[in-house]
Amino acid sequence: MSPRYVKMLQAMFAGCGVSIEVFFLTLLFSIPLALPIAYGRMSKKKILSGTTNVFLLIIRGTPLMLQLLIVYFGPGLFINWLNKSFNAGITFHWPRFVAAIVALSINYACYFSEIYRGGIEAIPKGQYEAASVLGYTSKQTFFRIVLPQVIKRIIPAMGNEVITLVKDTALVSVIGVMELLMVAKERQSALFSFWPLFIAGIFYFVMNWVVAFAFQKIEKKLNYYK
C-alpha cells in the first residue's frame, strides 16, 4: 500500500476516535440530563412546565449546526460586549471540543426527554394507585415499578436517536473539531481521490451497525417485560 494511503488511514482512524469520543460523551451527559427536563415538562407548575416547553421548542425547532455555532461563538461575543461596555477585563477561552459536547448534550437531552415523557405517561395510572395501596413510596414506585417498564417501552425510540447521534457527530466539524468526516474531506482534497469519503462511509456504517446490534440485544433481554 502506498505510504500516502497509509497516512490517510492513520489520520482517519484518529478522526474516528474523536467521533467515538464525541458520541460517548454526548450520551454520558444527555441521558441523565433528559430526566429532569422531562419532569420539568410534565410538572403541574405552569411556570416550570411552560418554560421547559419553550426551551424544548427552541432546541428542537432550530438546526443542530446553528446551536453548535451559538454555543461556540456566543459566550465569547458576550464577554467581548461586556469588556467593551463595562471595561470588565474578562478573558475567556472556550475549547472547540468542549463546546461541541455541550451543544450536542443539550440538543439530545431535549429529544431524549420527550421520549422519556412518552414512556412515563404511557404507564397506566392504576399502577401508581396499586403501588400506593401496597405501601410503596413515590421513589420506590418510580424506580421499582415505573422505570423498568419505561425502559422497555423507550428502547426502540432511543435506538433511533442514538443511531442519528452517530451521524450527527460529523456536524462538530462546523466549529473546527477534527472528527472523521472533516479528516476524510481534507484527505480527499490532498489525494484527489474519492476513497477517503468512501472509507468514512464504511466507518459510519460499522459504528451504526454496532449501535443497532447493541439495542437489539437490549430489546431481547427485556422481552420478559410484556
Side-chain angles (χ1 to χ4, degrees), residues 13 16-43 52-53 56-57 59-61 64 67 100-132 134 136-172 179-181 199-226:
F13 271 109
C16 184
V18 173
S19 295
I20 292 171
E21 192 174 359
V22 170
F23 171 79
F24 279 110
L25 286 174
T26 300
L27 286 183
L28 178 65
F29 293 115
S30 63
I31 288 177
L33 179 60
L35 192 57
I37 296 175
Y39 271 102
R41 177 71 174 82
M42 294 186 295
S43 175
T52 306
N53 191 37
L56 288 170
L57 286 172
I59 297 298
R60 296 194 300 157
L64 176 54
Q67 294 168 26
I101 300 302
V102 170
L104 283 169
S105 297
I106 293 173
N107 181 277
Y108 272 85
C110 289
Y111 282 95
F112 289 155
S113 71
E114 287 297 275
I115 294 173
Y116 291 177
R117 184 173 68 87
I120 293 169
E121 291 183 344
I123 304 299
K125 291 183 179 180
Q127 297 200 22
Y128 293 92
E129 295 169 357
S132 178
L134 292 171
Y136 283 86
T137 64
S138 298
K139 187 176 180 180
Q140 289 173 328
T141 300
F142 178 76
F143 285 102
R144 295 185 182 182
I145 298 174
V146 176
L147 187 60
Q149 296 180 73
V150 170
I151 292 173
K152 165 64 178 174
R153 292 170 187 267
I154 68 174
I155 285 298
M158 288 290 288
N160 287 335
E161 287 298 323
V162 173
I163 287 172
T164 302
L165 174 59
V166 172
K167 295 176 283 187
D168 278 350
T169 57
L171 294 177
V172 301
E179 48 71 54
L180 177 59
L181 189 59
I199 294 171
I202 294 175
F203 274 101
Y204 282 114
F205 174 80
V206 171
M207 286 189 286
N208 273 323
W209 178 82
V210 171
V211 170
F213 180 78
F215 272 89
Q216 285 177 359
K217 287 291 184 181
I218 293 171
E219 283 191 63
K220 286 183 180 178
K221 284 188 176 182
L222 294 175
N223 272 343
Y224 59 86
Y225 259 122
K226 294 183 179 179

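What you are looking at is a predicted structure, and each value in this text was computed from that prediction instead of being measured. Note that the numbering runs from 1 along the sequence shown for the chain.
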Exercise for review: Kindly say whether the aromatic ring centers of Phe205 and Trp209 come within a distance under 6.0 Å.
Suggested key: no
Check your understanding: Shortest non-hydrogen contact from Ser105 to Leu25?
Key -> OG-O, 4.2 Å
Check your understanding: For atom OH of Tyr136, is the number of surrounding heavy atoms from other residues, nucleotides or ligands below 6.0 Å larger than 12?
Key -> no
Practice item. Report yes if the side chains of Leu180 and Val18 come closer than 4.5 Å at any heavy-atom pair, otherwise no. Key: no
Review point. Taking 4.0 angstrom as the limit, do Glu114 and Arg60 come out as a salt bridge?
Key: yes
Check your understanding: What is the distance from atom CD1 of Ile218 to atom CZ of Phe213, rounded to the nearest 0.5 Å?
Key -> 11.0 Å
Check your understanding: So does Arg117 pair up with Glu121, basic N to acidic O under 4.0 Å?
Key -> yes
Study note, to complete from the structure: Value for CE (Met42) from OG1 (Thr52), rounded to nearest 0.5 Å, stands at 10.5 Å
Review point. What residue pairs, at least two apart or across chains, pass side-chain hydrogen bond (donor to acceptor under 3.5 Å, both in side chains) with a residue in residues 27-42?
Key: Arg41-Asn53
Review point. Does Gln67 reach the side chain of Ile59, with side-chain heavy atoms less than 4.5 Å apart?
Key: yes
Review point. Looking at Ala212 and Ile163, what are the two nearest heavy atoms and their distance?
Key: CB-CD1, 4.2 Å
Check your understanding: Can you find a pair of side-chain heavy atoms, one from Tyr116 and one from Met158, that are under 4.5 Å apart?
Key -> yes
**Study point:** Given Ile20, Leu28, Thr26, the one that forms side-chain contact (heavy atoms from CB on, under 4.5 Å) with Phe24
**Key:** Ile20
Point to revise | Residue pair Phe112 / Ile37, side-chain heavy-atom distance below 4.5 Å | key: no
Check your understanding: Heavy-atom distance under 4.5 Å between the side chains of Ser132 and Thr141, does that happen here?
Key -> no
Practice item. State, with a plain yes or no, whether a side-chain heavy atom of Tyr108 is found less than 4.5 Å away from one of Ile31. Key: no
**Study point:** Beyond-backbone contact of Tyr204 with Thr169, side-chain heavy atoms, under 4.5 angstrom
**Key:** yes
Check your understanding: Taking the side chain as C-beta and beyond, is there a heavy-atom pair between Gln127 and Gln149 under 4.5 Å?
Key -> yes
